[in-house]
Amino acid sequence: MIEIKNNWELTVRKALSEYAVSLGICNESFTSTRIMMQTPPKPEMGDFAIPFFPFSKIFRKAPHLIASEVKNIIEGLKNRPKGTISADGPYLNIKTDLVDAAKKLWEKIDIETLAYGRNRSMNGQKIMIEFSCPNTNKPLHLGHLRNNIIGESTAEILKANGADVQKVNLINDRGVHICKSMLAYMQFGNERTPRSENKKSDHFVGDFYVKYNDWAINQPDAEKEAQKLLVKWENGDKKTIDLWSKMNTWAVDGIFETYQTTGISFDKLYYESETYMLGKDLVLQGLENGIFTKEKDGSVWIDLSEIGLDKKILLRSDGTSLYITQDLGTAVSRHEDWPFNKQIYVVASEQQYHFKVLFYILKKLGFSWADNLFHLSYGMVNLPDGKMKSREGTVVDADDLLKTLAKMAKREIIQKNREDDVEDLTLTSSSIALAALNYYLLQVNPTKDMIFNPAESISFNGNTGPYLQYMGARITSMLKKYELVEKENSSPSEFNPSLLDLQDEHALLKQIMLFPETVELAGKELNPTIIAGYLYDLSRMYSRYYHDHRILDAGADKLIYARVVLSKMVLQILKNAYILLGIPFLESM
RNA sequence: GUAGCCAUAGCUCAGUUGGAUAGAGCAUUAGAUUGCGGAUCUAAAGGUCGGAGGUUCGAAUCCUCUUGGCUACGCCA
């Protein structure tokens with residue numbers, strides 16, 4: 001599509017300069033003015049539209065005159081791209097001839113299959129992306145699910161653009177909050193284990209965190225005791241460390257079970273218990289270099305007035321590290337581990353201040369790559385009936401939610417009497433649940449807060465994951481049928497794209513050709529929502545086409561085959577886009 | 001208080017670098033099935049793009065102000 005576009009752009013430019021010469025206007029006065037290639041409001045108007053407003057001043061002509069003159073000039077050209085043009089008011093509308101392009105497109109998709117849409121726009125770039133970053137005192141919740149899928153999807157999109165991507169996860173396995181669940185276990189645990197209680201291990205740990213909070217209400221010393229336990233941990237007290245590592249293993253194992261069922265994975269794990277000491281040296285160095293200042297009590301600070309902020313503490317008066325100290329350290333050590341061109345932090349928008357400061361400090365410390373750190377900030381996820389609040393117990397547990405969605409999907413399959421058509425009922429239901437969840441989360445721009453409506457997400461109607469999945473399943477089913485028929489007929493056909501002359505077919509071909517550009521844009525913008533929108537448009541277009549026009553009994557063999565090829569291409573794009581969005585492909589559902 | 005983010009149809013959301021009559025889904029109403037999977041499709045209705053200025057031939061999009069909501073501003077993470 002890009003080639004076609006560029007070709008037309010060149011042609012229009014040529015026509016414009018010819019026009020300029022005839023008017024006695026210097027060529028250079030408008031070469032800097034960009035020719036805009038836009039999409040007309042209605043498909044029947046054409047594939048591209050070029051407005052001539054910007055040239056109006058230079059040519060001292062009304063835009064509609066320029067449009068019609070350009071049209072005339074182009075039509076007089078010997079060497080012009082195939083297609084028809086019309087001047088509609090101030091616009092030049094171009095209807096391309098997709099026959100050649102469609103043929104090439106099919107050859108390309110047929111060969112590349114899953115690689116179609118992938119491009120080299122980010123070749124040679126090493127991009128590290130950090131996401132999820134769970135605490136090991138409780139299971140994942142809905143907010144994590146948004147974080148996870150934004151991270152995973154963005155990583156896939158970057159890879160599709162040719163980048164070398166490393167997905168990392170920093171596990172927050174240390175600190176007072178961890179000690180709290182340990183404290184509760186020491187008192188109420190009685191050597192119970194997830195296995196003895198037959199409970200998912202992270203939930204088992206999470207229960208003790210809840211227990212701590214219940215207990216702490218009537219226990220004024222609770223906080224203090226937790227602090228004491230932390231000191232013991234930091235001093236390497238054997239019993240404490242043993243319990244810590246036992247409970248952490250439970251928590252982490254459970255959390256990774258959730259990753260597994262939701263299709264989330266990482267290339268490298270960092271543990272806060274190992275990294276929390278990093279960064280202190282950096283701060284001391286900065287102090288020596290005069291970037292930071294030391295207070296009388298021994299604490300170290302940075303003045304942020306340069307970026308319009310207050311000052312920020314970097315080391316406590318007792319010399320110990322803080323969260324930001326640690327993040328300084330991990331950033332540096334990560335760059336040493338794997339010298340990235342860019343690092344993306346997928347972290348909730350609450351922490352915008354933190355990252356602003358973090359990046360600024362790293363820059364101050366002289367790391368030039370600090371300019372290539374990016375906070376991919378996302379908004380909160382709320383429920384239709386209000387906010388998620390941990391204090392009020394309205395947090396939506398990730399595993400529970402997935403289970404609920406899967407149950408809803410299963411019920412639907414059974415209700416539709418499709419139990420026998422589906423290979424594995426449980427697997428299929430959970431795949432549908434995943435599609436519902438991931439698509440719903442990605443269809444909203446990351447920057448925005450959003451409301452997650454479980455019932456709406458799992459619906460098979462409308463702009464949902466299951467709807468998209470259904471398109472894939474339906475095309476697959478149809479193509480299977482075609483294969484059977486084809487074997488009987490065994491009349492080898494050649495793809496003849498000129499038979500695809502319906503408006504809907506033209507639009508579909510165009511949409512298919514747009515996929516690589518869409519992947520590139522989503523990568524550039526670090527925004528999976530762009531893919532989601534594209535995928536939904538494609539599905540809706542095909543859905544209508546499929547409804548209005550027969551494919552397998554379209555009449556002539558050649559026409560059938562042409563439409564089958566079109567369907568095959570759509571299916572391939574669906575599959576490729578599914579991967580980018582974490583939507584499982586199902587042959588039947 | 002200061003800073004950041006957000007505000008588009010009753011609800012949930014799209015809207016590429018400013019461009020033609022601002023688009024979907026849900027819900028509502030009215031339709032389509034001797035059908036390749038109807039888990040679908042079509043149509044109607046629904047809008048002062050929070051408000052006011054400004055820039056521009058042209059603004060949902062850019063700038064200023066303003067209103068409302070959320071978040072952050074800790075020797076927590």
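Letters go in sequence order (proteins before strands), and every chain restarts at 1.
Of the C1' atoms belonging to B/rG47 and B/rG10, the separation is 12 Å, rounded to the nearest Å. Atom name P, nucleotides B/rG54 and B/rU12: the rounded distance is 33 Å, in whole Å.
Looking at A/Tyr545 and A/Leu502, their side chains come closer than 4.5 Å, going by heavy atoms from C-beta outward.
The base of B/rA14 lies outside donor-acceptor range of the side chain of A/Asp537, with no N or O pair under 3.5 Å. For A/Arg544 against B/rU42, no side-chain N or O and base N or O form a donor-acceptor pair under 3.5 Å.
Not one N or O on the side chain of A/Glu587 forms a donor-acceptor pair closer than 3.5 Å with the backbone of A/Ala473. At distances below 3.5 Å, not a single donor-acceptor pair connects side-chain atoms of A/Ser539 with backbone N or O atoms of A/Leu468.
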Under-3.5 Å N/O pairs linking protein and nucleotides 29-36 of chain B:
residue : atom : partner  : partner atom : Å
B/rG35  : N3   : A/Arg550 : NH1          : 3.2
B/rC36  : O3'  : A/Lys481 : NZ           : 3.2
B/rC36  : O2   : A/Ile551 : N            : 3.3
B/rC36  : O2   : A/Leu552 : N            : 2.8
B/rC36  : N3   : A/Ile551 : N            : 3.1
B/rC36  : N4   : A/Tyr546 : O            : 2.4
B/rC36  : N4   : A/His549 : O            : 2.8

Writing each nucleotide of RNA chain B 5' to 3' as (, ), [, ], | or . by Watson-Crick or G-U pairing under 3.5 Å yields (((((((..((((.....[...)))).(((((.......))))).....(((((..]....))))))))))))....

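Legend: salt bridge (Lys or Arg N to Asp or Glu O under 4.0 Å) pairs involving residues 39-49 of chain A, not counting sequence neighbours, sorted by first then second residue: A/Asp47-A/Lys510.
Between A/Leu309 and A/Ser539, the residue anchored nearer the 5' end of RNA chain B, judged by the nucleotide with its closest heavy atom, is A/Leu309. Mapping A/Gln326 and A/Phe460 onto RNA chain B via the closest heavy atom, the residue that lands nearer the 5' end is A/Phe460.
Close placement of the A/Tyr534 and A/Phe515 rings is indicated, their centers lying within 6.0 Å of each other.
Applying the 4.0 Å criterion to OP1 and OP2 of B/rC5, one finds that A/Asn445 has every side-chain N and O outside that range. Side-chain N/O atoms of A/Ser543 include one lying less than 4.0 angstrom from OP1 or OP2 on B/rC41. Residue A/Arg316 places none of its side-chain N or O atoms closer than 4.0 Å to OP1 or OP2 of B/rG74. Between A/Tyr440 and B/rA14, a side-chain N or O to OP1/OP2 separation shorter than 4.0 Å is absent. Contact annotation: A/Asn463 does not reach the phosphate of B/rU12 (side-chain N/O to OP1 or OP2, under 4.0 Å). Phosphate contact (OP1/OP2 of B/rA3, side-chain N/O of A/Lys356, threshold under 4.0 Å): absent. For A/Lys448, a side-chain nitrogen or oxygen approaches OP1 or OP2 of B/rA7 to under 4.0 Å.
When each of A/Leu581, A/Ile150, A/Ile149, A/Thr529 is checked for a side-chain contact (heavy atoms from CB on, under 4.5 Å) with A/Leu441, only A/Ile149 meets the rule.
Between A/Trp233 and A/Trp244, the ring planes lie perpendicular to each other; the angle is over 60°, past the 30° to 60° tilted range.
Following rounding to the nearest Å, A/Tyr536 (OH) and B/rG15 (C1') show an atom-to-atom distance of 15 Å.
A donor atom on one side chain and an acceptor atom on the other are found under 3.5 Å apart for A/Tyr542 and A/Ser567. Under 3.5 Å, the side chains of A/Thr320 and A/Asp318 contain a donor-acceptor pair of N or O atoms.
Distances from the side chain of A/Pro54 to the nucleotides B/rG19, B/rA14, B/rG25 place B/rG19 closest.
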